[in-house]
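Here is the naming used below: chain letters follow the sequence lines, and residue numbers restart at 1 for every chain. FYI, side chains are in, hydrogens and waters are out, and symmetry mates aren't considered; it's all heavy atoms of this structure.
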Protein chains: 2
Amino acid sequence: MKASGSAGNAGRIVTLRDVAKLAGVSVATASKALNGQPQVRAETRTRVLAAAEQLSFFPNALAQGLIGQRTGTVGLLTSDLEGRFSIPILMGAEDAFGSGQTSVFLCDARGDAIRERHHLRALLSRRVDGLIVVGARPDTRPSLGRDLPVPVVYAYAPSDDPADLSLVTDNVGAGRMATGHLLDCGRRRIAHITGDPAYGAAQDRAKGTLDRLAEEGLELAGGQVWFGMWSEAWGRGATRMLLRRSPDVDAIFAGSDEIARGVLDVLHQEGIDVPSQVAVMGFDNWAILAANARPPLTTIDMNLELLGRLAAQRLFAAIDGTLGSGVESIACRLVTRDSTAPVG
Amino acid sequence: MKASGSAGNAGRIVTLRDVAKLAGVSVATASKALNGQPQVRAETRTRVLAAAEQLSFFPNALAQGLIGQRTGTVGLLTSDLEGRFSIPILMGAEDAFGSGQTSVFLCDARGDAIRERHHLRALLSRRVDGLIVVGARPDTRPSLGRDLPVPVVYAYAPSDDPADLSLVTDNVGAGRMATGHLLDCGRRRIAHITGDPAYGAAQDRAKGTLDRLAEEGLELAGGQVWFGMWSEAWGRGATRMLLRRSPDVDAIFAGSDEIARGVLDVLHQEGIDVPSQVAVMGFDNWAILAANARPPLTTIDMNLELLGRLAAQRLFAAIDGTLGSGVESIACRLVTRDSTAPVG
DNA sequence: TTGTACGCGTTATCAC
DNA sequence: GTGATAACGCGTACAA
């Protein structure tokens, strides 16, 4: 590793003046030619374009942003980059913007409010056209405030201000969907093992499950929702308790794929076959866990990438002048694999 | 969800002129006062600062960037956002920059060279001060070229141009480290089940393993490195083959935590205790797999977040004038859990 | 100590 | 059809 002197500078940066000079026209004309304005002779345009090509010129976006109202940049303010839920949202948003002319500023506040203010300031000073705020968990978070100079869309974690626009997962619908699938498989003694009851998502999924069961005149196997933690170990423990209390259970809906893995583990140990004796469902469609399970897990996908894309689209619309408000729920998607099947 | 008219604009944006006017000075004086220049009377400065505070003014970074050589932005060009390896690197880099005045442009090329050029152009047009290129897999990738106006640091996947600076994982050292730990546990019949042989990382880890064994005059249990795929299923299949050929194996070093999970699964099925009979090691320290395994997996952490931070630091140094070249290897870290232990 | 004037690179508005 | 010229918001020589 040797020092290579000055930092990779390949000659001075090319500006519109250089192009104009080479083409033998004024900067104004060069600008018009490059921007496809009609009032410029064809031959002149060709000359300018050739010059630009030859010098490999591209306009300084800073200068452009300084003039117009648009900078072609948006801020993506996440609270928890390492969390697996932020990533697909971020991908969806990046994808939606990236295909256009918009670039994305990424900031991770690490769940710290101070850091969030700091990043917000930095983003505004860079004159972003809008902001997407991605929460770490699906619960209400503080609004950035109403007096921002740019539109804001909250994704995954809704803002606590109803005047803001938030896009969230439809967890109640997801609970209904999962339960409906198990019912379709002919299961009637369905249990629900899920995570931390402090999570709105856990409550909502449980509610959807209970609602759907009630429509069939059914109650939960095991007599309760098994709230606990979002971990494989809890999945194991809860399953053992459940089997003791309701040995005749014929389906288990887990609140996450992690929990479902723990459920599968104990069922294997007990010599209970999946899915013939007990059907198992996960939640999240976290490929590494769901697809590689034995048997592969039927699960619910939150369509987070879609959520990110939608957030980007809403923001685009807002930048052009119309921002909605309230909370918009995104439907989940059933992903069937081998851990569920109709009863023989 | 109702439309709220114009897009969240809270009055016109405050400029330095507004501050100067309110403070009753010229823009030049206001600028000096805010930037801590000495040639300004204390009383005047106080007045300007108060005005800026009152109007909650912050300078337009675009205008600042247009003047100086620095924009305070860097580009983070990833090839594979969804890949779990990019994320920690990205976090480390974002963290290193975020604490300073630098903001990060995130671009995901989705492994597509065309899209990469497109993003590169967009980043350069925004006058980023430098670039970090994060690869999808730990193998050589094409250089962005030597004639870029800003310094570039390659992370995880090294550039194919030795004149570039690349930061990569020391996989050979990691193989040695893992094997050394198993030897320290008193194991002598060590097997190695790993992933796709087309990955340089797989080859390097195997090499480190073989080197370390050779130093002890030992050979690999099973007589070969078991190359295959980076999947739990392969871990299961390879373990079955291994047990048939070498039933007396006393340690298995897996090339990834996924593979290690498959290994554990089969060992359980066969009634072989971990770690008393066979010690198992994973690789990646992917918490969801390693920490939740039964028993929790001893594994190797690639220190990717550190790698990201270092990439950011190297880039900073480069922006200030000195860019190195060549490939810099980052050491891995042993994470001991319960799947390895000294032989009774 | 403060203010004036210029330039950063680009686009838009006017003359020509 | 083309070219000066004035912005955009800020920093900084230079003059006062």
Query raised in the report: Where along residues 124-131 of chain A does a heavy atom fall under 4.0 Å from DNA chain D?
Result: none
Query raised in the report: Around B:Arg84, counting heavy atoms of other residues, nucleotides and ligands shown, do more than 12 lie under 6.0 Å from its CZ?
Result: yes
Query - Heavy atoms of other groups near B:Glu43 CD, more than 12 under 6.0 Å - result: yes
Does some side-chain heavy atom of [Y] sit less than 4.5 Å from a side-chain heavy atom of [X]?
X: A:Tyr154; Y: A:Leu144; result: yes
X: A:Val133; Y: A:Val152; result: yes
X: B:Asp108; Y: B:Thr78; result: yes

Check the distance between [N]'s [atom2] and [X]'s [atom1] and give it to me in whole angstrom.
X: B:Phe57; N: D:dG9; atom1: CZ; atom2: C1'; result: 8 Å
X: A:Leu34; N: D:dG1; atom1: CG; atom2: C1'; result: 16 Å
X: A:Arg41; N: D:dG3; atom1: CZ; atom2: C1'; result: 14 Å
X: A:Asn60; N: D:dG9; atom1: CG; atom2: C1'; result: 14 Å

Report summary line: Walking DNA chain D from its 5' end, the first of B:Val14 and A:Pro38 to be reached, judged by nearest nucleotide, is A:Pro38
Report summary line: Nearest heavy-atom approach of B:Val14 to A:Arg127 is O-NH2, 4.2 Å
Query - Sole residue of B:Arg121, B:Arg141, B:Arg110 in salt bridge (charged side-chain N to carboxylate O under 4.0 Å, His left out) with B:Glu116 - result: B:Arg141
Query raised in the report: According to the salt bridge (Lys or Arg N to Asp or Glu O under 4.0 Å) rule, which pairs have a member within residues 13-29 of chain A, sequence neighbours left out?
Result: A:Arg12-A:Asp18
Query raised in the report: Of B:Ser26 and B:Ala63, whose nearest nucleotide on DNA chain C comes first from the 5' end?
Result: B:Ser26
Report summary line: For B:Phe105, the ring-ring contact (aromatic ring centres under 6.0 Å, His included) test, sequence neighbours excluded, returns A:Phe105
Query - Nucleotide range of DNA chain C lying under 4.0 Å from chain A heavy atoms - result: C:dC8 to C:dT13
**Report entry** Closest to the B:Arg17 side chain, choosing from D:dG3, D:dC8, D:dT2
**Finding:** D:dC8
Pair up each side-chain donor or acceptor in residues 59-70 of chain B with any protein partner under 3.5 Å, not counting sequence neighbours, and list the distances.
from	atom 1	to	atom 2	distance (Å)
B:Asn60	OD1	B:Leu62	N	2.7
B:Asn60	OD1	B:Ala63	N	3.4
B:Arg70	NH2	B:Asp320	OD1	3.0

Distances under 3.5 Å between nitrogen or oxygen atoms of protein and nucleotides 12-16 of chain D:
from	atom 1	to	atom 2	distance (Å)
D:dT12	OP2	B:Gln37	NE2	3.4

Report task. Go through A:Leu123 and A:Cys107 one step at a time and tell me if the side-chain contact (heavy atoms from CB on, under 4.5 Å) criterion holds. Result -> CA-CA 9 Å; A:Leu123 289 171; A:Cys107 298; 3.9 Å; yes
